[in-house]
Amino acid sequence: MEHPEIGQSLQAAEFIYKYLCDDISEPEQRELNLWKERSPFNTSLFNELTDPAQLSAALRAFSNADVRKARKKLLHILSSRYPMQFPKVTIVWRIVIILLSIMIVGAILLLGSILK
Amino acid sequence: MDDINKQRVSEFNRGNQDALNAIFNDFYRPLYFFAQKIILNEKEAEDIVTETIMKLWELRSNFETYTKIKSFLYITAKNACLNYLKQSQRVNSRHLTYIYLQPGHEDSILSEITQAEVLREIYGALHNLPPQCRKIMQMSFIEGKKNHEIAKQLGLSLNTIKNQKTRGMEIMRSKILKANLLYLIVFYSLTRGSSS
């Protein structure tokens, strides 16, 4: 799956992050400038990411995702599609169930011997 | 970081669930942010990202590097978003047109990917701070809260908040972030905290 344009977008992201960290080399800065000039969307994005208020707003939106709920949903789908790899009953619960079963059987046997 | 990612990829290839969890933690937010911006529908964006990660899991043995995983995730999410828009356009109205489906708007989609990736990096850097420091920096920088609001919410003194913010800046200066990003954070924190 070769998609050079995605590769360029990801590389631009790396350069912008390096720029923000003041860690960008001269060749990388040249590449970043070329990327900015390539499209008005790129120029506008760069300006947005280097503006404190806009960056903060974007980070706020970025952090809004409900990751916990999404993880639960993913695990639910995985456990229904791959029940052997993603069992719904975790190992801890398996141990608890086994121990409880042993205790119940033991209690019944003990009760039986007392009643005799 | 490269070594960690290399190890993560090899564990992921072998079907390790912790590696899947780590990839999920790393990419759920940026993919959701990206999908939500394209299709403007939270529920569908959630479904698209979940399906994208499911596809990644199904093809887990095919990826040699973390970059390939990253590219796959964005390409798959992008295609799913465009399919959703095309379908939605067909169902809702023949006259309804979506900007991202217009010819020549490929660049705008690509710049959304770039934005999601930059935010992922910054968010990750903030998350590398010690817990209390991170909480305070997040409340200040991401949630836009003022110092006295943070102090009240966390039950800490105003001085502790100021000290923790200074500590956060120092850690970021020494370890993770430097000049420009630090400037942005300092600038924003000062403007938010000035009225406290």
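Chain letters run A, B, ... following the sequence lines, proteins first, then strands; residues in each count from 1.
The line from CG of A/L49 to OG of B/S111 is 9.5 Å long, rounded to the nearest 0.5 Å. Atoms CH2 and CG, from B/W57 and A/L78 in turn, are 7.5 Å apart once rounded to the nearest 0.5 Å. To the nearest 0.5 Å, the span separating CD1 on A/I6 from CZ on B/F72 amounts to 12.0 Å. The OG1 atom of B/T50 lies 4.5 Å from the NZ atom of A/K73; values are rounded to the nearest 0.5 Å. For the atom pair CG of A/L10 and OG1 of B/T67, the computed distance is 8.0 Å after rounding to the nearest 0.5 Å. Taken from OH in B/Y32 to CG in A/N64, the straight-line distance is 8.0 Å, to the nearest 0.5 Å.
For B/A116, the part sitting under 4.5 Å from any heavy atom of chain A is the backbone (N, CA, C, O) and nothing else. For A/L45, the part lying under 4.5 angstrom from a heavy atom of chain B is the side chain only. Using a 4.5 Å cut-off between heavy atoms, A/Q8 does not touch chain B at all. Residue contact with chain A, scored on non-hydrogen atoms closer than 4.5 Å, involves the backbone and the side chain of B/L110 alike.
For the set B/Q138, B/R120, B/E106, the count of heavy-atom pairs under 4.5 angstrom toward chain A peaks at B/R120. When the candidates B/Q36, B/E46, B/M54 are compared by the number of heavy-atom contacts under 4.5 Å with chain A, B/M54 comes out ahead. Across A/F46, A/W35, A/F41, A/F15, the residue that shares the most heavy-atom pairs under 4.5 angstrom with chain B is A/F41. Counting heavy-atom pairs closer than 4.5 Å to chain B, the top residue among A/N42, A/I77, A/V67 is A/V67. With chain A as partner, the option from B/F34, B/F33, B/Y74 having the largest number of non-hydrogen pairs under 4.5 angstrom is B/F33.
Residues from residues 14-23 of chain B that place a non-hydrogen atom less than 4.5 Å from a non-hydrogen atom of chain A comprise B/Q17, B/L20, B/N21, given in numerical order.
Cluster annotation: B/L40 is not connected to B/I48 through the hydrophobic network of ILVMFWY side chains, with a link wherever side-chain heavy atoms come within less than 4.5 Å. The hydrophobic clustering, which links ILVMFWY residues whose side-chain heavy atoms are closer than 4.5 Å, places B/L59 and B/Y66 together. No chain of hydrophobic side-chain contacts below 4.5 Å, direct or via other Ile, Leu, Val, Met, Phe, Trp or Tyr residues, connects B/I122 to B/M139. No single ILVMFWY cluster, assembled from side-chain heavy atoms under 4.5 Å apart, contains both B/L126 and B/L154. A/L59 and B/I150 are members of different hydrophobic clusters when ILVMFWY side chains are connected at heavy-atom separations under 4.5 Å.
Enclosure of atom CD in B/E42 is not indicated, since only 12 or fewer non-hydrogen atoms of other residues, nucleotides or ligands lie within 6.0 angstrom.
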> What do the steps show when you test B/E58 against A/R81 for side chain to side chain contact (heavy atoms under 4.5 Å, CB included), and what is the final call?
Replying inline: CA-CA 11 Å; B/E58 282 158 8; A/R81 287 193 201 171; 3.4 Å; yes

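Between the side chains of A/R71 and B/N25, at least one donor N or O lies within less than 3.5 Å of an accepting N or O.
The minimum heavy-atom distance linking B/R29 with A/A65 is given by the pair NH1-O, 3.5 Å.
Looking only at side-chain heavy atoms (C-beta outward), A/L55 and B/L119 come within less than 4.5 Å of each other.
In this structure a side-chain-to-backbone donor-acceptor pair under 3.5 Å is present from B/T114 to A/S9.
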